[in-house]
2 protein chains.
Amino acid sequence: MSDSLKQQLVWELEMQILRCEALPGARLESQRRMVARYGVARSTVREAVAELENRGLLEVRHGGGSRVRNLLAAHFPAAEVTPEEATLGLQVQVLEAREALEGEAAYYAALRATGPEREALAAEYRRMQARAVGETTLHKAKADLTFHQLIADSCHNLLIASISQLLYSKYFHVIYAVLSGTLRKTGSYPPGIARQHAQIYQALMARDGDAARLAAAEHVAYTRRHLLESARIR
Amino acid sequence: MSDSLKQQLVWELEMQILRCEALPGARLESQRRMVARYGVARSTVREAVAELENRGLLEVRHGGGSRVRNLLAAHFPAAEVTPEEATLGLQVQVLEAREALEGEAAYYAALRATGPEREALAAEYRRMQARAVGETTLHKAKADLTFHQLIADSCHNLLIASISQLLYSKYFHVIYAVLSGTLRKTGSYPPGIARQHAQIYQALMARDGDAARLAAAEHVAYTRRHLLESARIR
DNA sequence: CGGTAAAAGTGGTCTGACCAAGAGAGTGAT
DNA sequence: ATCACTCTCTTGGTCAGACCACTTTTACCG
C-alpha cells in the first residue's frame with residue numbers, strides 16, 4: 001500500500017532536516033518553490049508543512065516563511081546566561097563542553113563537508129583572518145563562534161549542530177568573558193589562537209579527521225590553560 | 001492577536017471531543033458538512049482535521065470518513081481477554097471495576113444526559129426489555145453492555161466513556177463468563193437483574209443522581225454475590 | 001548611514017473540479 | 001437468516017488558480 005503524496009512529502013522534508021540539509025534556524029524552501037520542485041499542489045505542500053509544524057520540527061510565520069526549529073531548544077528552556085553569571089567555574093565548564101563537542105564536530109566536518117560547505121568554511125576563515133586586525137573583542141568572539149558553528153553545521157550530525165547552536169547562543173556571555181578576561185590579563189590576543197584556527201582549517205580542507213579533531217581540542221585546551229593561568233596571576 | 005481560521009476550527013473540534021459531543025468510535029462530521037456548517041473552505045477544514053489526526057485524536061480513512069479515537073486505547077494495548085483466560089478471579093476483578101465505574105457513570109448521566117441522549121437511553125431500555133424473552137445469553141450480555149455504554153456515553157465525562165469502552169470490549173469474554181456461569185449454575189437469569197435495570201433506568205429518567213449511583217452499584221454487587229455463591233456451590 | 005515607502009515574497013484562505021477509496025443498500029443464492 | 005456480490009453514494013485526497021494578509025527586501029531620499 002503506497003503512501004499519500006502528502007505523507008511522501010512529509011518524509012522527504014523530514015529527511016532533509018534530519019540530514020542537516022535544512023539546518024536549525026534556516027529558512028525552509030517556500031511553499032510555492034516546493035510546488036515547482038515536487039510537482040504537487042500547494043494545498044498538498046501546505047498539509048505536509050503543517051504536519052511538520054505540528055510535530056515541532058518547523059516554525060511557520062504568516063508572510064514570514066518557515067524555519068527549521070532547533071529540536072533541543074524545547075528541552076533546554078534556560079535563559080541566556082548574563083555577563084554577571086559568567087563565573088570562572090562556569091567558564092571552565094563551558095570550555096570542557098566545547099572541547100568534547102568541537103573536536104568531534106571538526107572530525108566529522110573534515111570527512112563529510114560538501115563542496116558548498118567547504119567553500120563557505122574557506123570564505124568564513126578568510127573573513128575571520130581579514131578582520132583579525134582592528135576588530136573589537138566582541139567581534140572577535142562572534143567571528144570565532146561563527147566559524148565553529150559553520151564547522152558544526154558541516155558535520156551533518158543534527159545533534160552536534162543543534163547542541164552547538166544552543167551552547168553558543170545561551171552561553172555567549174560566558175564565552176565572551178573567557179576571551180575578554182584573557183585579553184585583559186595578558187594584554188594581547190594569545191598568539192596560539194590564530195595558529196590553531198589555521199591548523200583546524202587546514203585539516204578540514206585536507207579532509208584529515210584525526211588532525212582536525214586534535215587541532216580543535218588543542219585549541220580549546222590552550223584557551224583553558226590561558227584562562228587558568230590568568231586566574232592564578234590574580 | 002487573533003488565531004487563524006484553521007486554529008479556531010481545531011479548537012472547536014477538540015472541544016467537541018473533550019465534551020463528549022463527539023464520542024470515541026463515533027464518526028466525525030464529514031469535511032463537506034463542516035464546510036457548510038462553519039462557512040470555511042474545504043482546505044481549511046482538511047488542515048484542521050489533519051492536525052487533530054496528527055495529535056492522535058482522530059483516525060481518518062480515505063473514503064471511510066473520520067472517527068474519534070479512544071485516547072486511552074494507546075495506553076492500554078492489551079489484547080482482548082479470551083474465554084480461556086476469563087478465570088473466576090478475573091471475573092471478580094472486572095466486577096469490582098464495573099461497580100466503581102458504573103455507579104459514577106449513572107450518577108453523572110442522571111444529571112447531565114441531554115434530551116436526545118435520554119431518548120436513546122429510553123429506546124435502548126425498551127429494546128432490552130423486549131428482547132429479554134427468547135434471546136441467547138450472548139445477546140443478553142451484549143444488550144446489557146450496550147445499555148451501560150449508553151449510560152457512560154451520556155455522562156459527559158470523556159474518561160469514563162473511554163474507560164467503559166475499553167473495559168467492555170477488552171473484557172467482553174470475562175463479562176460474558178460471569179453471566180453464562182451464573183445461568184449454568186442457577187438455571188435461570190437472576191430475577192433481580194431486570195428489576196435493577198428498571199431502577200437504574202427510572203433514576204436516570206428522574207434525574208436522581210444518588211439513586212442512579214446506588215442502583216448501578218447494587219446491580220453489580222448483586223451480580224458479584226451470585227457469582228461467588230455459584231462458585232461456592234461447586 | 002538611517003529611515004521610509006514601495007515592491008516582492010511569503011503564508012492563509014477560498015472556489016470549484018476531479019480522482020480514489022470505502023461504506024451502505026439492495027439483490028440473489030444457500 | 002446469512003453471505004457474497006454489485007452498484008451507488010459518500011467520503012477523503014489532490015489539483016489549479018485566484019485573492020487576501022503579513023513580512024521581508026529593495027530602492028530612494030535626506
Side-chain angles (χ1 to χ4, degrees), chain A residues 1-13 16-17 22-23 25-69 136 139, chain B residues 1-13 16-17 22-69 127 130-131 133-140 142-143:
Chain A
M1 183 205 306
S2 67
D3 297 294
S4 63
L5 280 181
K6 173 185 104 172
Q7 203 56 53
Q8 293 178 47
L9 186 52
V10 163
W11 288 343
E12 169 64 29
L13 297 177
Q16 283 180 20
I17 295 173
L23 287 161
R27 282 280 203 89
L28 201 71
E29 192 168 36
S30 75
Q31 293 174 0
R32 287 172 179 83
R33 292 178 71 96
M34 287 191 212
V35 166
R37 178 190 296 275
Y38 300 108
V40 296
R42 199 171 147 233
S43 57
T44 305
V45 169
R46 284 187 56 76
E47 289 193 22
V49 167
E51 175 162 333
L52 293 173
E53 178 190 19
N54 200 253
R55 285 165 50 193
L57 279 75
L58 295 179
E59 178 181 5
V60 182
R61 296 286 182 81
H62 187 168
S66 307
R67 285 182 188 280
V68 181
R69 295 181 70 235
T136 64
H139 279 100
Chain B
M1 182 204 306
S2 67
D3 296 294
S4 63
L5 280 181
K6 172 185 104 174
Q7 203 54 52
Q8 292 179 48
L9 186 52
V10 163
W11 287 343
E12 170 64 29
L13 298 177
Q16 282 179 18
I17 295 172
L23 286 161
R27 283 280 203 89
L28 201 70
E29 192 167 37
S30 75
Q31 294 176 359
R32 287 172 179 82
R33 294 178 70 98
M34 288 191 211
V35 167
R37 176 189 298 274
Y38 299 109
V40 296
R42 199 170 146 230
S43 56
T44 304
V45 169
R46 283 185 58 73
E47 289 193 22
V49 167
E51 176 162 332
L52 293 173
E53 179 189 20
N54 199 255
R55 283 164 53 192
L57 278 76
L58 294 179
E59 177 180 6
V60 182
R61 295 288 181 80
H62 188 167
S66 307
R67 287 183 187 277
V68 181
R69 296 180 72 235
R127 195 176 308 133
R131 285 158 61 182
V133 179
E135 291 288 342
T136 64
T137 307
L138 184 62
H139 279 101
K140 283 187 172 65
K142 286 184 172 178

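All figures in this text were calculated on a predicted structure; none of them were measured in a lab. Within every chain, numbering begins at 1; the chains are lettered A, B, ... in the order of the sequence lines, protein sequences first and strands thereafter.
- Heavy atoms of other residues, nucleotides or ligands lying less than 6.0 angstrom from CZ of A:Arg37 number 12 at most.
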Atom pairs under 3.5 Å: protein N/O with N/O of nucleotides 11-13 of chain C:
| residue | atom | partner | partner atom | Å |
| --- | --- | --- | --- | --- |
| C:dG11 | OP1 | A:Ser66 | OG | 3.4 |
| C:dG11 | OP2 | A:Gln31 | N | 2.8 |
| C:dG11 | O4' | A:Gly63 | N | 3.1 |
| C:dG11 | N7 | A:Arg32 | NH1 | 2.9 |
| C:dG11 | N7 | A:Arg32 | NH2 | 3.4 |
| C:dG11 | O6 | A:Arg32 | NH2 | 2.9 |
| C:dG11 | N2 | A:His62 | NE2 | 3.1 |
| C:dG11 | N3 | A:His62 | NE2 | 3.3 |
| C:dG12 | OP2 | A:Arg46 | NH1 | 2.8 |
| C:dG12 | OP2 | A:Arg46 | NH2 | 3.0 |
| C:dG12 | N7 | A:Arg42 | NH2 | 2.7 |
| C:dG12 | O6 | A:Arg42 | NH1 | 2.9 |
| C:dT13 | OP1 | B:Leu5 | N | 2.5 |
| C:dT13 | OP1 | B:Lys6 | N | 3.4 |
| C:dT13 | O4 | A:Arg42 | NH1 | 3.4 |

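- Considering CG of A:Asp3 and CG of A:Leu9, their distance stands at 12.0 Å, rounded to 0.5 Å.
- Map A:Gly39 and A:Arg67 each onto its nearest nucleotide of DNA chain D; the residue landing nearer the 5' end is A:Gly39.
- Considering all non-hydrogen atoms of both residues, A:Asn54 and B:Arg55 come closest at OD1-CG, 3.5 Å.
- A donor-acceptor pair is defined here as one N or O able to donate and one able to accept, closer than 3.5 Å; such a pair exists between the side chain of B:Arg69 and the backbone of B:Gly56.
- What separates CD of A:Glu59 from P of C:dT10 is a distance of 17 Å, to the nearest Å.
- Across all strands shown, A:Arg33 has no heavy atoms under 4.0 Å from either base or sugar-phosphate atoms.
- Annotation: side chain of B:Leu13 is not in contact with side chain of B:Glu29 (no heavy-atom distance under 4.5 Å).
- A salt bridge does not link A:Arg67 with A:Glu59: every distance from a Lys NZ or Arg NE/NH1/NH2 to an Asp or Glu carboxylate oxygen is 4.0 Å or more.
- For the pair B:Met34 CE and C:dC14 P, the interatomic distance rounds to 15 Å; values are reported in whole Å.
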